[in-house]
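Note sheet for the following structure.
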Amino acid sequence: IGQRVFYGCSSLTSVTIPSGVTSIENYTFCDCSALTSVSIPDSVTSIGWGAFYGCSSLTSVSIPNGVTSIGGDAFRDCSSLTSVNIPNGVTSIGNCAFEGCSSLASVTIPNSVTSIGDYAFRGCSFLTSVNIPEDVTIIGDCAFANCKALTNIAWPGQLTAIGAGVVDGSAYYNNADNWVENILYAGPYLISVAGEDSAASYTVRAGTRIMANEAFSGLKTMTDITLPQGLAAIPAGTFQGCTSLGKINIPDSVTDITY
């Protein structure tokens with residue numbers, strides 16, 4: 001189904017897509033604000049950018065098992081969507097794919113997923129828990145930010161990149177028990193650093209392997225920091241705007257420093 005074919009059809013309430021259709025292109029049903037149900041056949045393998053963006057009356061959707069990619073903005077601002085089962089076979093969840101799905105209370109992410117895009121689930125304020133599969137290696141900026149009820153996150157063990165602000169504004173972020181000396185950790189990952197009342201000296205705890213992008217950015221009072229052996233990289237923007245920083249102890253384990 002071609003791009004923007006039903007864009008803005010605000011009186012459209014239901015759609016049955018015939019078998020044989022293999023892709024729903026970019027913005028096909030964007031802003032179909034009265035659309036409550038859609039039947040997607042098993043022949044569909046891709047859902048394009050913004051395909052159902054702004055379908056604010058859509059309450060549920062069954063994504064076929066043949067789908068391998070969910071484009072950015074695909075279900076963005078589907079504010080009545082309560083649950084999503086992403087099928088095994090999907091390898092990536094695009095930027096902003098489910099952003100603003102404010103009624104979304106449960107999501108199943110399959111083991112086939114290896115990357116979660118920027119802002120993918122931002123603002124899913126009813127989401128309480130998420131299990132991130134073990135094969136996910138990249139989580140983008142603000143992927144779960146402003147998920148106000150999100151308290152439980154099962155983090156995978158093989159992350160190589162964590163975006164800035166990945167859980168900012170969530171219940172997980174706001175739980176003091178998850179913080180150690182102004183730093184939010186999750187196992188071997190440094191997720192965030194509190195900007196308020198920042199200290200002059202920091203020591204990242206032993207066992208930390210990956211730090212989120214921009215983790216220490218803007219800490220103007222920080223003068224020195226010690227990083228642990230085993231840390232793999234210093235990601236983009238880590239010390240951006242740290243105008244008082246005069247000393248960094250970088251361990252031999254660091255193999256990549258990104259500008």
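Quantities reported herein were computed from a predicted structural model and do not represent experimental measurements. Residues take their numbers from the sequence shown, with the count starting at 1. Heavy-atom basis, side chains included; hydrogens, waters and symmetry copies ignored.
Remark: Glu134 CD is packed, more than 12 non-hydrogen atoms of other residues, nucleotides or ligands lying under 6.0 Å away. Sparse packing is recorded around CD of Gln158, with 12 or fewer heavy atoms of other residues, nucleotides or ligands lying under 6.0 Å away. In Phe239, the CZ atom is crowded: over 12 heavy atoms of neighbouring residues, nucleotides or ligands sit closer than 6.0 Å.
No side-chain donor-acceptor contact under 3.5 Å links Tyr185 and Arg205. Residues Asn152 and Ser129 bring no donor and acceptor atom of their side chains to less than 3.5 Å of each other. No hydrogens or angles considered: a donor-acceptor pair under 3.5 Å links the side chains of Ser201 and Asp224. Counted by atom type alone, Thr258 and Asp256 present one or more donor-acceptor pairs between their side chains at under 3.5 Å. Ser23 and Glu25 share a side-chain donor-acceptor pair at under 3.5 Å.
Legend: residues meeting side-chain contact (heavy atoms from CB on, under 4.5 Å) with Ala51, ordered by chain and number and at least two apart, are Ile24, Ile47.
Closest approach of Asn88 to Asn111, counting heavy atoms only: OD1-N, 3.8 Å. The two atoms that bring Ser112 and Val90 nearest to each other are OG-O, 2.7 Å, heavy atoms only. Scanning both residues, Ile109 and Pro133, for their nearest heavy atoms gives O-CG, 3.4 Å. When all heavy atoms of Ala97 and Gly71 are compared, the pair lying nearest together is CB-O, 3.8 Å.
Seen from the ring of Phe144, Arg122 does not count as a face-on cation partner, given the 6.0 Å and 45° thresholds.
When each of Tyr27, Phe29, Tyr7, Phe6 is paired with Phe52, the ring-ring contact (aromatic ring centres under 6.0 Å, His included) condition holds for Phe29 and for no other.
For an aromatic pair to be called close, the ring centres must be under 6.0 Å apart, and Tyr202 with Phe216 satisfies this.
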